[in-house]
Amino acid sequence: FLEAEAYDGPSLIIAYSPCIAHGFVMTRTYEEQKNAVLSGYWPIYRYDPDLTKEGKHPFIYETKDPKSDMIDFLMNEDRYSVLKRQFPEIADNLYKQAIEFKKNKHEFYKKFSQI
């Protein structure tokens, strides 16, 4: 927040912000946010155009390789577990596609931040 506020121009902060409709106890919001990052569901990155003035890459990718299973994260949220209960075959296929998409995006961001 401080970095975004210090930038001389428009800033945008995109955050993972669970709500009660996600289907878990809201006193666990911090844990859910942490699990989103550790599973690879939610990446953490920053973009600071001012870094180019210092000869640095403006895109900073802070996400590490996933440390937990994204399926466990998805099944902890009603919006995903309901799909599994109602349409198991379709859900499994969609989960596989989502996980593959997130893995590819993670690898892309890692490479992009090193250019």
Side-chain angles (χ1 to χ4, degrees):
F1 287 94
L2 295 175
E3 192 175 307
E5 185 178 348
Y7 180 69
D8 185 25
S11 296
L12 176 66
I13 297 173
I14 303 171
Y16 179 71
S17 181
C19 71
I20 198 164
H22 289 184
F24 59 87
V25 180
M26 293 312 295
T27 57
R28 293 191 56 247
T29 298
Y30 173 76
E31 292 171 41
E32 193 67 9
Q33 291 167 327
K34 185 177 178 181
N35 291 336
V37 172
L38 292 176
S39 70
Y41 179 82
W42 192 262
I44 297 177
Y45 56 88
R46 296 178 289 138
Y47 183 83
D48 184 353
D50 284 342
L51 291 175
T52 56
K53 296 173 189 171
E54 302 171 25
K56 297 177 182 175
H57 197 294
F59 182 78
I60 303 160
Y61 189 58
E62 298 178 346
T63 302
K64 306 294 183 219
D65 290 341
K67 294 186 181 347
S68 61
D69 190 351
M70 194 183 303
I71 288 291
D72 293 339
F73 170 77
L74 295 174
M75 292 303 98
N76 193 49
E77 298 207 355
D78 281 352
R79 58 193 174 148
Y80 299 116
S81 62
V82 165
L83 180 64
K84 175 78 171 172
R85 288 191 302 272
Q86 292 180 345
F87 306 101
E89 296 84 21
I90 294 171
D92 288 339
N93 185 35
L94 290 174
Y95 298 153
K96 287 177 188 172
Q97 288 179 44
I99 290 168
E100 187 65 26
F101 175 80
K102 291 291 186 174
K103 285 180 183 177
N104 291 338
K105 193 174 190 179
H106 174 67
E107 292 303 318
F108 172 80
Y109 283 161
K110 279 185 3 182
K111 289 177 186 171
F112 180 68
S113 67
Q114 297 170 358
I115 293 175

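Everything quoted here is computed from the prediction, not taken from an experiment. Position 1 is the first residue of the sequence, and the numbers go up from there.
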(request) List the atom of Leu83, the atom of Leu94, and the distance in Å for their closest heavy-atom pair. (result) CD2-CD1, 3.8 Å

(message) Using every non-hydrogen atom in the two residues, find where Tyr7 and Ser11 come nearest and quote the distance to one decimal.
(response) CB-OG, 3.8 Å

Where at least one partner belongs to [range], residue pairs that pass salt bridge (charged side-chain N to carboxylate O under 4.0 Å, His left out), sequence neighbours excluded:
range           : result
residues 98-115 : Asp65-Lys110, Glu107-Lys110
residues 72-84  : Glu77-Arg79, Lys84-Asp92
residues 34-47  : Glu3-Arg46, Arg46-Glu62

Quick one, [X] and [Y] - any side-chain contact, counting heavy atoms below 4.5 Å?
X      : Y     : answer
Trp42  : Ile14 : yes
His106 : Pro66 : yes
Pro58  : Asp48 : no

(request) Under the side-chain hydrogen bond (donor to acceptor under 3.5 Å, both in side chains) rule, collect the residues that match up with Ser81, sequence neighbours excluded. (result)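 Result, side-chain hydrogen bond (donor to acceptor under 3.5 Å, both in side chains) vs Ser81: Arg85.
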
(message) Taking side-chain hydrogen bond (donor to acceptor under 3.5 Å, both in side chains) as the definition, give me every residue that meets it alongside Asn35, ordered by chain and number, with sequence neighbours left out.
(response) none

(request) Can you sort out the partners of Glu54 under salt bridge (Lys or Arg N to Asp or Glu O under 4.0 Å), two or more places apart, ordered by chain and number? (result) Lys56

(request) Taking salt bridge (Lys or Arg N to Asp or Glu O under 4.0 Å) as the test, write out the residues that go with Asp69, two or more places apart. (result)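 Checked Asp69 against salt bridge (Lys or Arg N to Asp or Glu O under 4.0 Å); zero matches.
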
Would you say [X]'s side chain and [Y]'s backbone share a donor-acceptor pair under 3.5 angstrom?
X     : Y      : answer
His57 : Phe112 : yes
Ser39 : Met70  : no
Thr63 : Ile44  : yes

(request) Please list, chain by chain and in numerical order, all residues satisfying ring-ring contact (aromatic ring centres under 6.0 Å, His included) with Tyr109, sequence neighbours excluded. (result) Tyr45, Phe59, Tyr61

(message) List the residues meeting side chain to side chain contact (heavy atoms under 4.5 Å, CB included) with Ala98, not counting sequence neighbours, and say none if there are none.
(response)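 Per chain and number, Ala98 pairs via side chain to side chain contact (heavy atoms under 4.5 Å, CB included) with no residue.
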
(request) Report the residues that fulfil side chain to side chain contact (heavy atoms under 4.5 Å, CB included) with Lys53, sequence neighbours left out, ordered by chain and then residue number. (result)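 Per chain and number, Lys53 pairs via side chain to side chain contact (heavy atoms under 4.5 Å, CB included) with Asp50.
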
(message) Can you confirm whether more than 12 heavy atoms, excluding those of Asp8, are under 6.0 Å from its CG atom?
(response) no

(request) Answer yes or no: are there more than 12 heavy-atom neighbours, outside Ile115 itself, under 6.0 Å from its atom CD1? (result) yes

(request) Can you run down the ring pair (Phe, Tyr, Trp, His ring centres under 6.0 Å) pairs that involve residues 66-100, sequence neighbours left out, and say none if there aren't any? (result) Tyr41-Phe73

Please list, one pair per line, the donor and acceptor atoms closer than 3.5 Å that link side chains of residues 18-29 to other protein atoms, with sequence neighbours excluded.
from, atom 1, to, atom 2, distance (Å)
Arg28, NE, Glu31, OE1, 3.1
Arg28, NH2, Glu31, OE1, 3.4
Thr29, OG1, Met26, O, 2.7

(message) Hydrophobic clustering (ILVMFWY, side-chain heavy atoms < 4.5 Å, transitive) - are Val37 and Ile60 grouped together?
(response)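 No, no single cluster joins them.
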
(message) Hydrophobic clustering (ILVMFWY, side-chain heavy atoms < 4.5 Å, transitive) - are Phe108 and Tyr47 grouped together?
(response) yes

